[in-house]
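Bear in mind the structure is a predicted one, so any value in this text is a computation, not a measurement.
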Amino acid sequence: QDFQLYHDGTDNHINVTGSQTLNIQTSGNNAIVVDANGHVTKPLQPAFSVNKNGTDQSNFAIGGETIVWAAERFDQNSDFDLTENRFVAPVTGKYFLQVQIRFENLDTAATYYILSISTSNQTYYFILDPDYFDQDAVYYSIAFSVLADMDASDTATVSINQNAGTAQTDIDGNVQYTFFTGHLVC
């Protein structure tokens with residue numbers, strides 16, 4: 001392959017030119033790939049998508065519990081820990097985290113439901129007052145996202161907290177309705 005690495009003396013940049021795909025490797029693995037059309041991919045960039053793999057989380061406890069993830073759709077840098085149901089940041093940076101949960105049988109007698117994404121640095125909340133509904137909602141989805149600052153080895157988990165009412169609410173395990181995703185932005 002024909003590539004040139006040069007500094008033309010007119011700016012403070014090192015220029016790389018070529019007509020083929022350029023692979024920049026670390027320890028023999030492609031870290032940055034630039035194709036002939038200029039598309040840039042970073043195969044080792046932390047990114048994950050996990051789901052419940054069809055397994056419902058039934059009658060979750062009043063007072064709260066961590067949402068259990070069963071399968072990875074992808075885990076680009078192997079940073080999601082399915083055993084502990086958490087993402088572990090490999091490097092310090094800003095991470096985009098997004099969760100979507102489909103609830104079944106929301107209890108209108110509950111004071112509130114709080115869905116949270118908790119990182120080592122901060123917890124982010126989405127609160128729902130079920131009194132809004134005239135009756136127990138058979139289906140209700142919540143989706144929210146955050147841009148979280150995380151240090152290397154910090155963790156991110158998703159939890160649900162129901163205050164009062166009856167422990168009747170389920171989390172739908174369908175992969176199209178319930179999932180947790182994230183990636184390193186910068």
Side-chain angles (χ1 to χ4, degrees), residues 23-34 39-104 106 112-128 139-163 167 169-186:
N23 296 315
I24 299 173
Q25 297 187 347
T26 59
S27 301
N29 297 309
N30 288 339
I32 300 174
V33 178
V34 183
H39 304 118
V40 178
T41 58
K42 297 183 268 181
L44 301 179
Q45 186 80 346
F48 70 91
S49 177
V50 294
N51 59 67
K52 297 184 70 51
N53 201 31
T55 305
D56 293 349
Q57 198 163 331
S58 300
N59 302 324
F60 59 78
I62 305 299
E65 63 184 70
T66 299
I67 295 180
V68 176
W69 304 105
E72 297 171 334
R73 179 169 177 84
F74 59 85
D75 186 2
Q76 193 161 290
N77 197 48
S78 300
D79 299 309
F80 199 91
D81 180 352
L82 278 175
T83 304
E84 298 294 328
N85 298 295
R86 65 186 185 177
F87 168 70
V88 181
V91 296
T92 298
K94 307 300 183 264
Y95 289 84
F96 178 82
L97 303 171
Q98 192 269 335
V99 63
Q100 178 173 305
I101 306 292
R102 182 169 119 172
F103 297 101
E104 297 177 347
L106 284 177
Y112 57 78
Y113 290 84
I114 294 178
L115 180 63
S116 63
I117 298 174
S118 298
T119 69
S120 301
N121 292 333
Q122 184 172 340
T123 300
Y124 306 88
Y125 298 107
F126 184 103
I127 189 166
L128 168 68
Y139 303 110
Y140 189 79
S141 291
I142 294 175
F144 82 102
S145 56
V146 299
L147 184 60
D149 65 316
M150 297 180 73
D151 301 316
S153 299
D154 280 356
T155 60
T157 59
V158 179
S159 300
I160 184 65
N161 181 351
Q162 177 184 337
N163 183 271
T169 305
D170 304 331
I171 297 173
D172 188 319
N174 187 312
V175 299
Q176 289 129 342
Y177 296 127
T178 300
F179 48 85
F180 179 33
T181 64
H183 67 275
L184 175 63
V185 175
C186 58

(request) Would you indicate whether the side-chain heavy atoms of Glu72 and Phe48 approach each other to under 4.5 Å? (result) no
(request) Output the distance between atom CZ (Arg73) and atom CG (Asp75), rounded to the nearest 0.5 Å. (result) 13.5 Å
(message) Can you confirm whether more than 12 heavy atoms, excluding those of Tyr177, are under 6.0 Å from its OH atom?
(response) no
(request) Kindly compute the distance separating CD1 (Ile127) from CD1 (Ile142), expressed to the nearest 0.5 Å. (result) 10.0 Å
(request) For the pair Tyr140 and Tyr113, evaluate side-chain contact (heavy atoms from CB on, under 4.5 Å) and give the outcome as yes or no after the intermediate values. (result) CA-CA 12 Å; Tyr140 189 79; Tyr113 290 84; over 6 Å; no
(message) Check whether Gln57 reaches the backbone of Thr66 with its side chain - one donor and one acceptor, N or O, closer than 3.5 Å.
(response) yes
(message) Between Thr55 and Trp69, is there a side-chain heavy-atom distance shorter than 4.5 Å?
(response) no
(request) Kindly give the heavy-atom pair with the smallest separation between Pro46 and Asn77, and that separation in Å. (result) CA-CB, 3.9 Å
(message) Do Asn29 and Pro43 have side chains that approach each other closer than 4.5 Å (heavy atoms only, starting at C-beta)?
(response) no
(request) Find out whether Thr157 and Asn85 are in side-chain contact, i.e. whether some heavy atom of one side chain is under 4.5 Å from a heavy atom of the other. (result) no
(request) Indicate whether any N or O donor in one side chain lies under 3.5 Å from an N or O acceptor in the other, for Asp172 and Asn174. (result) no
(request) Apply the side-chain contact (heavy atoms from CB on, under 4.5 Å) test between Met150 and each candidate in Leu97, Val91, Thr92, Leu184; give the one that qualifies. (result) Leu97
(request) Examine Tyr125 together with Phe144 and report whether their ring centres are nearer than 6.0 Å. (result) no
(request) With rounding to the nearest 0.5 Å, note down the distance linking CZ in Phe87 to OG1 in Thr155. (result) 10.0 Å
(request) Answer yes or no: is there a donor N or O on one side and an acceptor on the other, between the side chain of Asn30 and the main chain of Val33, under 3.5 Å? (result) no
(message) How close do Ala70 and Leu82 get, counting heavy atoms only, and between which atoms?
(response) O-CD1, 4.0 Å
(request) Rounded to the nearest 0.5 Å, what's the gap from CD on Gln122 to CG on Asp154? Could you check? (result) 12.0 Å
(request) Any chance you could measure Ile160, atom CD1, to Ile171, atom CD1, to the nearest 0.5 Å? (result) 6.0 Å
(message) Please determine whether side-chain contact (heavy atoms from CB on, under 4.5 Å) holds for the pair Asn121 and Asp151, giving the CA-CA distance in whole Å, both sets of side-chain angles, and the decisive distance to 0.1 Å.
(response) CA-CA 8 Å; Asn121 292 333; Asp151 301 316; 3.7 Å; yes
(request) State, without any angle test, whether Tyr95 and Thr119 hold a side-chain donor-acceptor pair at a distance under 3.5 Å. (result) no
(request) Spell out, as yes or no, whether a donor-acceptor pair under 3.5 Å connects the side chain of Thr178 to the backbone of Arg102. (result) yes
(message) If I take atom NE2 from residue His183 and atom CD from residue Gln45, how far apart are they, to the nearest 0.5 angstrom?
(response) 8.0 Å
(request) Work out which heavy atom in Phe96 is nearest to a heavy atom in Ser145; give both atom names and the distance. (result) CZ-CB, 3.6 Å
(request) Please tell me if the side chains of Asn59 and Thr169 come closer than 4.5 Å, counting only heavy atoms from C-beta onward. (result) no
